[in-house]
Q: 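Pasting a structure below so you can have a look.
This one's a predicted model, so the numbers in the text were calculated from it and none came from an experiment. Naming: A, B, ... by sequence-line order, numbering from 1 per chain.
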Protein chains: 2
Amino acid sequence: MDDICSGEGDDGRVVRDLLEHLGDKWTLLVVGMLEGGAIRYSELKNRVPGISQRMLTLTLKKLERDGLVSRESFPEIPPRVEYELTPLGHTLLPPAIAFAAWAHDSSAEILARRAEFDARVTR
Amino acid sequence: MDDICSGEGDDGRVVRDLLEHLGDKWTLLVVGMLEGGAIRYSELKNRVPGISQRMLTLTLKKLERDGLVSRESFPEIPPRVEYELTPLGHTLLPPAIAFAAWAHDSSAEILARRAEFDARVTR
DNA sequence: CGGAATCCGGAGGGATACTG
DNA sequence: CAGTATCCCTCCGGATTCCG
């Protein structure tokens, strides 16, 4: 398909940028966690195991900047901030889920192939 | 969906690893270029604009190790090496294309939101 | 032609401490 | 609680050179 490939034109560039953009260590995980609806910062942090405050904040800000996630802060004590997928953000869900499903379904075979390959090379 | 999320269990770990694995700078692009069938190293390098020899080699080796790509070298002069998606590799194509299509369709709106956001913050 | 090996700068990202 | 600010270090990945 040309969408993935095309080396020429601004279009290809943008697509590549987005791919790289979403492909970082945390973005897809965070998006996945937002599937269920609005959720607050600390809850998000709990559900994405291993993420640091710094990375969670940066990831959310990036997503907010791109219009994929909306942020609402409630001036209470203690403070509460909720994040939610925007309509645009929701459109990302199907491809992301398809991707995750593929990874889930293929992981066993991939691990097997990997072990096979390593055994062949190590010897 | 649990597939993207689940923090517990080896399963979640593997999926996350694969996501991170495929999410690097070049892997998806290379897979996309292989859609059309077997293709040789230099041709691949031409079609993935901006990739270095090092990264192309590393990416291909990683894909080969995971059983997504097969490598066949022809002992000729000059040497020729062809890469091709394995059946397992082909199963990655649909999700990857869905992803690229999303990026393609959404890029305009994302760029708009980004500009909007930046204007709001910069002021 | 198709790599492998080496060098190297800089971004990515973790840990920690502080603030409103 | 929800961040921000700093430090610091790993390792990704580009450029270059060498080999079969």
Q: In whole Å, what is the span from the CZ atom of B:R40 to the C1' atom of C:dG3?
A: 13 Å
Q: Taking atom C1' of C:dC1 as reference, at what distance in whole Å does atom CD1 of B:I39 sit?
A: 15 Å
Q: Take atom CG of B:D24 and atom P of D:dG14, then tell me their distance rounded to the nearest Å.
A: 11 Å
Q: Please work out if B:F74 contacts a base, only the sugar-phosphate, or nothing of the nucleic acid, heavy-atom cut-off 4.0 Å.
A: nothing
Q: Under 4.0 Å, heavy atoms only, any strand: does A:K45 hit a base, just the sugar-phosphate, or nothing?
A: nothing
Q: Do the side chains of A:V69 and A:L85 get nearer than 4.5 Å, heavy atoms only?
A: yes
Q: Assign B:Q53 to base, sugar-phosphate, or nothing according to its heavy-atom contacts below 4.0 angstrom with the strands shown.
A: base
Q: NZ of A:K62 versus P of C:dG13: gap in Å, rounded?
A: 8 Å
Q: Would you kindly give the CG-to-P distance between A:L44 and D:dG3, to the nearest whole Å?
A: 10 Å
Q: Among B:V30, B:D24, B:L29, find the one that has a side-chain contact (heavy atoms from CB on, under 4.5 Å) with B:T27.
A: B:D24
Q: Set out, in order, the CA-CA distance, both residues' side-chain angles and the distance that settles salt bridge (Lys or Arg N to Asp or Glu O under 4.0 Å) for A:R113 and B:D66, then state yes or no.
A: CA-CA 6 Å; A:R113 300 298 175 115; B:D66 287 351; over 6 Å; no
Q: For B:E43 and C:dG2, give me the distance from atom CD to atom P, rounded to whole Å.
A: 10 Å
Q: To the nearest Å, give me how far apart CG (B:L56) and C1' (D:dA15) are.
A: 16 Å
Q: Closest approach to the side chain of B:P78, judged atom by atom: which nucleotide of C:dC1, D:dG3, C:dG20 is it?
A: C:dC1
Q: Take A:R54 and A:R80, find for each the nucleotide of DNA chain D with the closest heavy atom, and name the residue whose nucleotide sits nearer the 5' end.
A: A:R80
Q: Return no unless some side-chain N or O of A:Y41 is found under 4.0 Å from OP1 or OP2 of D:dT4.
A: no
Q: Counting heavy atoms from C-beta on, name the nucleotide in C:dG3, D:dG14, D:dG3 closest to the side chain of A:Y83.
A: D:dG3
Q: I want to check one thing: is the phosphate of D:dG3, taken as OP1 and OP2, less than 4.0 Å away from some side-chain N or O of A:K61?
A: no
Q: Quick check: do B:L22 and B:V31 have side-chain heavy atoms less than 4.5 Å from each other?
A: no
Q: Would B:R65 and A:F117 count as a cation-pi pair here, with the cationic atom under 6.0 angstrom from the ring centre and within 45° of the axis?
A: no
Q: So which nucleotide from D:dG14, C:dG2, D:dG3 ends up closest to the side chain of A:T57?
A: D:dG3
Q: Nearest nucleotide by nearest heavy atom, which residue falls closer to the 5' end of DNA chain C, A:L58 or B:L60?
A: B:L60
Q: Whether A:S42 contacts D:dA2 is assessed here as follows: a side-chain N or O lying under 4.0 Å from the phosphate OP1 or OP2. Is that the case?
A: yes
Q: How many whole angstroms separate atom CE of A:M55 from atom P of D:dA5?
A: 14 Å
